[in-house]
Visitor: 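Questions regarding the structure given below will be posed in turn.
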Amino acid sequence: VNWFGPKTASPIDAPSMDISDNDLKARALSGTFFISGIQPLQGDRSFYRCRLVDSDVHGMLVDLGESQAAVNGRLFVQCDIEGSLSNREALSGQGKAWLRGANLYELPVMIRLLNLLAVRPDQGAFDAADIDFAIDGDKIPITNLQLDGDLISMQGKGSVNFRRELDLELVANVGRRGIVGAIVRPFTQNPSANWMRIEVGGTTSNPQVRPPMPLRDSIDSVLIESPK
């Protein structure tokens with residue numbers, strides 16, 4: 001039984017972004033790039049305000065030298081950075097990223113994840129992502145990662161660095177869209193009601209997905225705290 005029907009194109013759900021009339025605007029990274037900031041004449045820390053709007057992900061990755069990248073979609077990023085761009089270790093900041101209309105479910109690491117969860121990629125998993133992140137030198141802590149699909153969704157946190165090393169912990173739950181989510185989601189509103197915990201290590205080019213671990217306490221809480 002096909003619970004989802006054929007995939008149809010839908011308008012991009014563009015996020016609301018903080019863009020100033022004073023920002024410099026340019027075409028860059030296969031999107032529209034806005035930047036403003038303060039560059040002190042003395043040795044004080046600089047401040048940069050960066051926004052990337054409606055970037056074509058595949059084109060951006062090619063621009064960055066990742067010519068073999070298979071992912072596509074539209075990317076929106078806003079980030080505030082302090083420090084010196086010439087001294088990466090001294091950088092700090094925070095930001096948000098939104099990925100829309102993506103084919104994340106076709107990436108090798110996602111196919112591994114879906115196989116571990118016994119979910120077929122053609123069931124429409126993971127076509128959108130919301131990310132809250134920070135910048136701490138060469139490390140990018142990810143404080144919240146939300147992957148959304150028709151059948152399942154994932155939330156997580158962790159970090160990645162400029163050496164492309166991954167350290168992520170994800171928990172799987174019922175998707176927030178589609179008929180399956182509409183039926184099952186009300187029984188999993190408890191924040192601890194997640195099905196599986198999955199750890200991802202390795203690098204972005206060679207991710208290592210550790211076998212998922214059932215969260216028994218969460219399953220029990222679903223059964224105990226389900227709405228009546």
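Predicted, not measured: the structure shown is a model, and the values here were computed from it.
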Visitor: Determine the minimum heavy-atom distance between Asp56 and Gly59, stating which atoms define it.
Guide: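 That closest heavy-atom pairing would be OD2-N, 2.7 Å.
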Visitor: Are Asn144 and Gln146 close enough that a side-chain donor and a side-chain acceptor fall under 3.5 Å?
Guide: no
Visitor: Can you name the side chain to side chain donor-acceptor pair (under 3.5 Å) partners of Arg164, sequence neighbours left out?
Guide: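 In terms of side chain to side chain donor-acceptor pair (under 3.5 Å), with neighbours along the sequence ignored, Arg164 is linked to Glu66.
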Visitor: CG/Leu91 to CD1/Ile135 distance, rounded to the nearest 0.5 angstrom?
Guide: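 The CD1 atom of Ile135 is 6.5 Å from CG of Leu91, to the nearest 0.5 Å.
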Visitor: Looking at residues at least two apart in the chain, or sitting in another chain, which of them share a salt bridge (charged side-chain N to carboxylate O under 4.0 Å, His left out) with Arg100?
Guide: Asp130
Visitor: Using side chain to side chain donor-acceptor pair (under 3.5 Å) as the criterion, list what pairs up with Asp167, not counting sequence neighbours.
Guide: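 Scan of Asp167 (side chain to side chain donor-acceptor pair (under 3.5 Å), adjacent residues dropped) gives none.
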Visitor: Only pairs at least two apart or in different chains count here, so list each salt bridge (charged side-chain N to carboxylate O under 4.0 Å, His left out) that has a residue in residues 18-38.
Guide: Asp18-Arg49, Asp18-Arg51, Asp23-Arg49
Visitor: With sequence neighbours left out, what residues match Ser92 under side chain to side chain donor-acceptor pair (under 3.5 Å)?
Guide: Arg45
Visitor: Once side chain to side chain donor-acceptor pair (under 3.5 Å) is applied, do any residues pair with Glu169, and if so which ones, sequence neighbours excluded?
Guide: none
Visitor: Counting N and O atoms only, with roles assigned by atom type, does the side chain of Ser20 sit under 3.5 Å from a partner on the main chain of Asn22, one being a donor and the other an acceptor?
Guide: yes
Visitor: How would you list, by chain and number, every residue that makes a side-chain contact (heavy atoms from CB on, under 4.5 Å) with Asn87, sequence neighbours excluded?
Guide: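 With neighbours one apart ignored, the set is Ser84, Glu89, Ala90.
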Visitor: To the nearest 0.5 Å, how far apart are SG in Cys50 and CZ in Phe34?
Guide: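 Answer for the SG-CZ pair, Cys50 versus Phe34, is 12.0 Å.
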Visitor: Return the CD1 to CD1 distance between Ile81 and Ile35, rounded to the nearest 0.5 Å.
Guide: 7.5 Å
Visitor: Check whether any side-chain heavy atom of Val171 sits under 4.5 Å from a side-chain heavy atom of Ile198, and report yes or no.
Guide: no
Visitor: Sequence neighbours left out, what passes side-chain contact (heavy atoms from CB on, under 4.5 Å) with Ser16? Give chain and number order.
Guide: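 Counting only residues at least two positions away or on another chain, Ser16 forms no side-chain contact (heavy atoms from CB on, under 4.5 Å).
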Visitor: Give the minimum heavy-atom separation between Ile140 and Ala134, together with the two atoms involved.
Guide: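 Distance-wise, the nearest heavy atoms are CG2-O, 3.2 Å.
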Visitor: Restricting to non-hydrogen atoms, name the atom on Leu170 and the atom on Met154 that form the minimum distance, rounded to 0.1 Å.
Guide: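 The answer is CD1-SD, 3.8 Å.
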Visitor: Kindly indicate whether the side chain of Asp136, heavy atoms from C-beta on, has any atom under 4.5 Å from the side chain of Pro141.
Guide: yes
Visitor: Answer whether the closest heavy-atom distance between the side chains of Leu168 and Ile142 falls below 4.5 Å.
Guide: yes
Visitor: Provide the closest heavy-atom pair for Gly137 versus Phe162 in the form atom of the first, atom of the second, distance.
Guide: O-CE1, 3.6 Å
Visitor: Which residues pass the salt bridge (charged side-chain N to carboxylate O under 4.0 Å, His left out) test with Asp63, sequence neighbours left out?
Guide: none
Visitor: In chain order, what residues pass the salt bridge (charged side-chain N to carboxylate O under 4.0 Å, His left out) check against Arg163, with sequence neighbours excluded?
Guide: Asp138, Glu165
Visitor: Pairing donors with acceptors under 3.5 angstrom, does anything connect the side chains of Tyr48 and Gln39?
Guide: yes
Visitor: Considering all heavy atoms of both residues, which atom of Ala97 and which atom of Phe133 are nearest to each other, and what is their separation?
Guide: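 Scanning both residues completely, I find the closest heavy atoms to be N-CE2, 4.0 Å.
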Visitor: To the nearest 0.5 Å, what is the distance between OG (Ser159) and CG (Leu166)?
Guide: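 Spacing of OG (Ser159) from CG (Leu166) equals 8.5 Å.
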Visitor: Quick one: pull up CG in Leu52 and CH2 in Trp98 and give me the separation to the nearest 0.5 Å.
Guide: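 Interatomic distance, Leu52 CG to Trp98 CH2, rounded to 0.5 Å: 11.0 Å.
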Visitor: Any chance you could measure Gln208, atom CD, to Asn206, atom CG, to the nearest 0.5 Å?
Guide: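 That separation rounds to 4.5 Å.
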Visitor: How would you list, by chain and number, every residue that makes a salt bridge (charged side-chain N to carboxylate O under 4.0 Å, His left out) with Lys139, sequence neighbours excluded?
Guide: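 Not a single residue meets the salt bridge (charged side-chain N to carboxylate O under 4.0 Å, His left out) criterion with Lys139.
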Visitor: Mark yes or no for whether Asp132, through its side chain, and Lys96, through its backbone, hold a donor-acceptor pair below 3.5 Å.
Guide: no
Visitor: State which residues pass side-chain contact (heavy atoms from CB on, under 4.5 Å) with Leu64; sequence neighbours excluded, sorted by chain then number.
Guide: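 With neighbours one apart ignored, the set is Leu29, Met60.
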Visitor: Do Leu104 and Asp127 come within less than 4.5 Å of each other through their side chains, counting heavy atoms only?
Guide: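 Side-chain contact under 4.5 Å: no.
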